[in-house]
Protein chains: 2
Amino acid sequence: MKKVTYKFSSASTDFYFDASFAQLSKLLAKDNGVIVTDEHIFSKHKTKFRGWNVIVLKPGEQYKVQQTVDTVIDQLLELGTDRKTVLVGVGGGVITDITGYVAAVYMRGLRFGFVPTSVLAMVDAAIGGKNGVDVGVYKNMVGTIRQPSFLLYDYSLLSSLPKKEWRNGFAEIIKHAAIKEVGMFKLLEQYSLKEFQRTKKLLASLIEANAKIKATVVQNDEFERGERRLLNFGHTLGHAVENLYELSHGEAIAIGMTVATQLSEQLIGLKEGRRIVDLLDKYGLPTYAEYDKKKAFDVLKMDKKKVKSEMNYILLEKIGKGVVKTIPLKQLEKIIQDL
Amino acid sequence: MKKVTYKFSSASTDFYFDASFAQLSKLLAKDNGVIVTDEHIFSKHKTKFRGWNVIVLKPGEQYKVQQTVDTVIDQLLELGTDRKTVLVGVGGGVITDITGYVAAVYMRGLRFGFVPTSVLAMVDAAIGGKNGVDVGVYKNMVGTIRQPSFLLYDYSLLSSLPKKEWRNGFAEIIKHAAIKEVGMFKLLEQYSLKEFQRTKKLLASLIEANAKIKATVVQNDEFERGERRLLNFGHTLGHAVENLYELSHGEAIAIGMTVATQLSEQLIGLKEGRRIVDLLDKYGLPTYAEYDKKKAFDVLKMDKKKVKSEMNYILLEKIGKGVVKTIPLKQLEKIIQDL
């Protein structure tokens with residue numbers, strides 16, 4: 001187990017890399033914690049949860065809604081929890097988002113930590129304190145920013161991860177590489193998903209590097225006034241198509257990154273667009289997709305990154321260098337229509 | 001209009017005393033704001049709201065629930081609001097609590113301000129950033145702490161305030177005096193509710209002084225690790241009986257302050273208990289009340305101030321000096337039973 005601590009504005013997060021689930025009980029007493037997880041994780045790892053209070057939710061993005069939050073709160077009340085109780089989200093992004101949100105609002109805030117069980121949660125969703133739920137087709141429309149006290153990384157939890165979930169995680173890894181790390185981009189071009197899956201050390205070091213990219217960006221700009229916006233690369237159109245077509249998050253942002261790559265070529269002269277699309281394709285992600293452009297734009301224009309009649313869109317100057325560009329909605333609509 | 005600014009951990013609040021509602025449009029552009037209010041206020045002051053986007057809620061504590069929050073969020077989506085939109089809660093404590101909570105979580109946080117329309121909201125509820133909703137009989141079980149950008153005080157709004165609401169506000173004023181300001185306690189003994197109601201200047205200065213007491217306590221201890229706890233004087237048993245018996249907040253905490261006064265006499269030798277009970281009585285508030293002690297204790301022991309098997313209870317050493325005392329739940333249950 002290797003501990004790295006990142007300090008944020010009002011809290012710090014301890015990252016425990018190369019750890020095992022069993023070590024969770026060293027971080028907090030079992031009778032002082034409540035684990036929130038989903039039916040999939042719970043049934044796969046039943047013995048691991050022995051002795052813990054566990055709230056088990058239905059799995060899937062369609063349950064990332066206020067009603068689920070209400071259910072968790074009712075169960076916390078039934079368990080007789082108090083302000084010193086620590087919530088632990090054990091699962092993918094949906095579980096960490098819901099757990100973090102409940103912990104932010106229940107009794108006006110409990111301590112919480114995460115044991116991410118998917119690549120996507122390990123490199124992205126569990127880090128940075130953004131939490132919340134969807135409202136209808138609008139992703140993450142409600143939530144807060146509040147940092148977890150700890151993240152515990154047990155890579156063995158990935159052994160039962162479905163293929164599709166691996167691809168989802170690598171979509172965010174490709175995003176990090178595209179906006180920040182040309183070296184990592186080349187590494188991803190060099191190896192394949194299969195090689196990362198079967199080479200434990202290679203995977204562990206890739207996940208750790210990505211967790212650190214994300215944590216560092218958040219540390220520099222916790223409340224998303226500057227650099228953190230870059231992490232939305234692929235997410236503007238991505239979020240719009242994600243719930244419209246019930247795509248997985250990775251698929252959706254891969255389509256979003258492809259569109260953002262095309263916009264970058266048109267608007268700021270990106271030259272290496274082909275390599276980005278090829279890399280997404282190599283990791284089994286969709287790129288050029290058919291979708292109802294009018295419907296998608298109607299959702300997109302409600303995105304949280306809109307200000308008045310303009311959208312803050314994340315583009316690439318080159319591989320490894322993301323930038324924020326303000327595009328008038330009318331222009332954006334026309335370009336997307338014509339792509 | 002007189003501006004006083006208090007700085008808190010992550011935001012500052014501008015207090016505009018002696019202001020008028022019309023000056024709200026100097027603080028923000030009408031097309032950039034959304035007012036949240038209730039049917040009572042809206043129908044009484046219709047013309048004041050002309051030109052503003054207004055969300056009108058049903059009045060009353062029974063609507064301080066998640067479902068109302070969901071409704072407001074749906075309406076904000078329909079209005080096409082963005083992250084730069086400013087929410088303005090115009091109303092009593094229920095409206096300011098809901099508005100502040102929605103503003104804390106919608107799009108992960110909007111700016112917001114208040115125009116309190118009741119004495120209670122002016123001296124207490126609208127100040128200090130605590131917001132949220134009730135869950136069943138549990139008051140304020142869900143919420144956040146987030147400071148408003150501004151508070152605008154228009155005392156003329158009080159002209160249509162029902163008598164009962166005046167008493168509610170004075171319950172919190174008596175609380176401030178009891179825990180913090182022996183001078184104010186004497187002033188309250190000297191004058192009567194009628195005199196405050198008909199002497200504009202006397203009322204304005206009392207409200208301003210109380211707003212400042214609250215703001216100062218919050219500034220010293222925003223996240224309630226020490227001094228801010230004192231503001232819960234009367235609120236532990238108060239909250240328990242409030243929703244059990246559908247009492248008004250002022251009535252409930254007056255009963256709670258009476259019990260806390262009795263506890264203070266028994267546990268830490270308070271000598272002037274009689275004066276507190278007399279003052280509550282003078283301002284038309286209930287004191288010694290009949291209630292189901294077992295039921296009340298069952299709710300009370302879920303209070304947010306409970307830690308494990310002990311309750312942090314607010315007592316009085318003397319008038320003007322509140323203290324936090326940790327009482328084991330078992331002892332507390334017995335004392336309350338025997339009162």
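Every chain is numbered from 1, with letters handed out A, B, ... down the list of sequences.
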A/Lys304 NZ to B/Leu110 CG distance, which is reported to the nearest 0.5 Å
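Here the rounded value is 11.5 Å.
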So do [Y] and [X] actually touch side chain to side chain, heavy atoms under 4.5 Å?
X        : Y        : value
B/Lys308 : A/Asn32  : yes
A/Asp74  : B/Val135 : yes
B/Ile73  : A/Gln66  : no
B/Thr144 : A/Arg108 : no

Interface moiety of [X] toward chain A, non-hydrogen atoms closer than 4.5 Å:
X        : answer
B/Lys301 : neither
B/Lys84  : side chain
B/Asp70  : side chain

Anything under 3.5 Å between a donor and an acceptor, one on a side chain of residues 322-332 of chain A, the other on a protein residue two or more places apart or in another chain? List them.
from     : atom 1 : to       : atom 2 : distance (Å)
A/Thr326 : OG1    : A/Asn312 : OD1    : 3.1

Applying a heavy-atom distance below 4.5 Å, give me the residues of residues 219-227 of chain B that approach chain A, sorted by number.
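Residues B/Glu224 are the ones that qualify, each having a heavy atom under 4.5 Å from chain A.
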Exceeds 12 heavy-atom contacts within 6.0 angstrom, atom [atom1] of [X]:
X       : atom1 : value
A/Lys30 : NZ    : yes
B/Gln67 : CD    : no
A/Gln62 : CD    : yes

Out of B/Leu77, B/Val69, B/Val102, return the one with the most heavy atom pairs under 4.5 angstrom to chain A.
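Top count of heavy-atom pairs under 4.5 Å with chain A: B/Leu77.
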